[in-house]
There are 2 protein chains.
Amino acid sequence: MREQILAAATRLFAAQGFDGTSLAAIAQSVGIRKPSLLYHFKSKDELRREVLEHMLAHWNEALPRLLAAATSGQDQFSAIVGEMVTFFTADADRARLVVREVLDRPDEMRELLESRVRPWVELVCDYIRKGQAQGRLHAETDPEAYCVQVINLVVASVATHDCIGALFAGGTGRDPARRNTDEMLRVARDALFTR
Amino acid sequence: MREQILAAATRLFAAQGFDGTSLAAIAQSVGIRKPSLLYHFKSKDELRREVLEHMLAHWNEALPRLLAAATSGQDQFSAIVGEMVTFFTADADRARLVVREVLDRPDEMRELLESRVRPWVELVCDYIRKGQAQGRLHAETDPEAYCVQVINLVVASVATHDCIGALFAGGTGRDPARRNTDEMLRVARDALFTR
DNA sequence: CCTACCGATCGGTAGG
DNA sequence: CCTACCGATCGGTAGG
């Protein structure tokens, strides 16, 4: 039951925001009453923190694959960005939650990004600097800033997924989401690799 | 007074979200009471729509510059993206509001994007296709999807401005926001132009 | 522009 | 896991 509540809260927080979601709505969507929910989670804010922690646990599961991708033989780039895309597209609520938390609680999110994302960014930056020294990667790339761009791109693409189709011409073409993902990978790649 | 209310509502909606901002808080920040605010705006939702319209009015003011940039002699690219960056960095609340509305009311935002942004995107796409025919721009670029990436990048960079510094190493270097903007322009440029 | 007030809903508690 | 209930706050109205 605790996990059903977590799942429902994740879905509703992602769709409607923390302030836009009442405890009664979460309870109803799992078939119980509000006081029963508060037996499993002491307060609404604790439920929010647990939702975040649950997502970070999945992030920690994905990290080994991410690091393996960063140190493997070749095409590390596609592997790393591919793992990021996989992580967020596997559950678009993850991207929406991150964006909402960044907007609603920037200070709290800064600390989380520093402790859970920045170490991995620095690893990728080391890889980029080595590639630059070898001439494989553009010398003018700012490694940290480049990583921020790619993260922005992946998270924003998934979070705004429902809206981006509005900027494409009539529905005769390929799946807009697929086109968008492909172009995102191309943009990130062409901005990094020399030719 | 009406404009003071609009300004306060814009700031608070951007910072705390629509559901996270009470009418009393908006009224207090301009030194009046809630019923007085409801004399100027019939309902909270009307106030929200007016805040959006106010931002779109500024967008319409910026469009001529954007279109002029798109059809000028050379370096159209830097001019267009520069105008977009100018528009959103001139008031970061614009980017935050757009992101919040996309998350909170995707259907409403789809219509807005179709009517107010897509025509301009199609113009830029025409420019890209001509450049591709001339060999100046990468043939493999998907014009519509590329525009979506650039918009995502600009809006997300400004909206998450307070948090991205957390992913940079210690404060010895240049201004993170400046580094981020420069890299964003470089990424967008290198993904478009042949060399 | 105000005071006074409305019903509804909020997060949370008591007690079983 | 429930019913019953709490004070606080919500958006909005009456009336001046």
- [ ] Using atom types as modelled and distance alone, determine if a side-chain donor or acceptor of A:Thr194 lies under 3.5 Å from a backbone N or O of A:Gly135.
- [x] yes
Task: Rounded (10°) bend between the five-pair end axes of the helix from C:dC1-D:dG16 to C:dG16-D:dC1 - done: 0°
Open item on the list: With a cut-off of less than 4.0 Å, is there a side-chain N or O of A:Ser22 near OP1 or OP2 of C:dT9?
Closed with: no
Open item on the list: Is the phosphate of C:dC1 approached by B:Arg33 (side-chain N or O, under 4.0 Å from OP1 or OP2)?
Closed with: no
Open item on the list: Would you say B:Leu6 ends up clustered with B:Tyr39 if hydrophobic residues are merged whenever their side chains have heavy atoms under 4.5 Å apart, either directly or through other cluster members?
Closed with: no
Nucleotide nearest [X] (side chain, heavy atoms from C-beta), chosen from [options]:
{"X": "B:Lys44", "options": "C:dA14, D:dG11, D:dT13", "answer": "D:dG11"}
{"X": "B:Met1", "options": "D:dC10, D:dC2, C:dC1", "answer": "C:dC1"}
{"X": "A:His40", "options": "D:dC1, C:dC1, C:dT13", "answer": "D:dC1"}
{"X": "A:Pro35", "options": "D:dC1, C:dA14, C:dC2", "answer": "C:dA14"}
{"X": "B:Ser36", "options": "D:dC2, C:dC1, D:dA14", "answer": "C:dC1"}

Task: Geometric class of the B:Trp59/B:Phe88 ring pair [parallel <30°, tilted 30-60°, perpendicular >60°] - done: tilted
- [ ] Looking at every strand, decide which applies to B:Leu38 at a 4.0 Å heavy-atom threshold: base, sugar-phosphate, or nothing.
- [x]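 Here B:Leu38 touches the bases of the nucleic acid.
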- [ ] Please state how far atom CD in B:Glu46 lies from atom C1' in D:dG11, giving the value in whole angstrom units.
- [x] 14 Å
TODO: With side chain to side chain contact (heavy atoms under 4.5 Å, CB included) as the test, would you mind laying out the steps for A:Ile26 and A:Lys34 before giving the verdict?
DONE: CA-CA 8 Å; A:Ile26 299 168; A:Lys34 183 176 57 170; over 6 Å; no
Task: side chain to side chain contact (heavy atoms under 4.5 Å, CB included) assessment of A:Asp190 paired with A:Arg186 - done: CA-CA 6 Å; A:Asp190 282 1; A:Arg186 192 195 65 76; 2.7 Å; yes
Task: Side-chain-base donor-acceptor pair under 3.5 Å for A:Lys34 and C:dG11 - done: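 In this structure, the two groups form a donor-acceptor pair.
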- [ ] With sequence neighbours excluded, give me every ring pair (Phe, Tyr, Trp, His ring centres under 6.0 Å) pair touching residues 128-167 of chain B.
- [x]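 Matches after skipping sequence neighbours: none remain.
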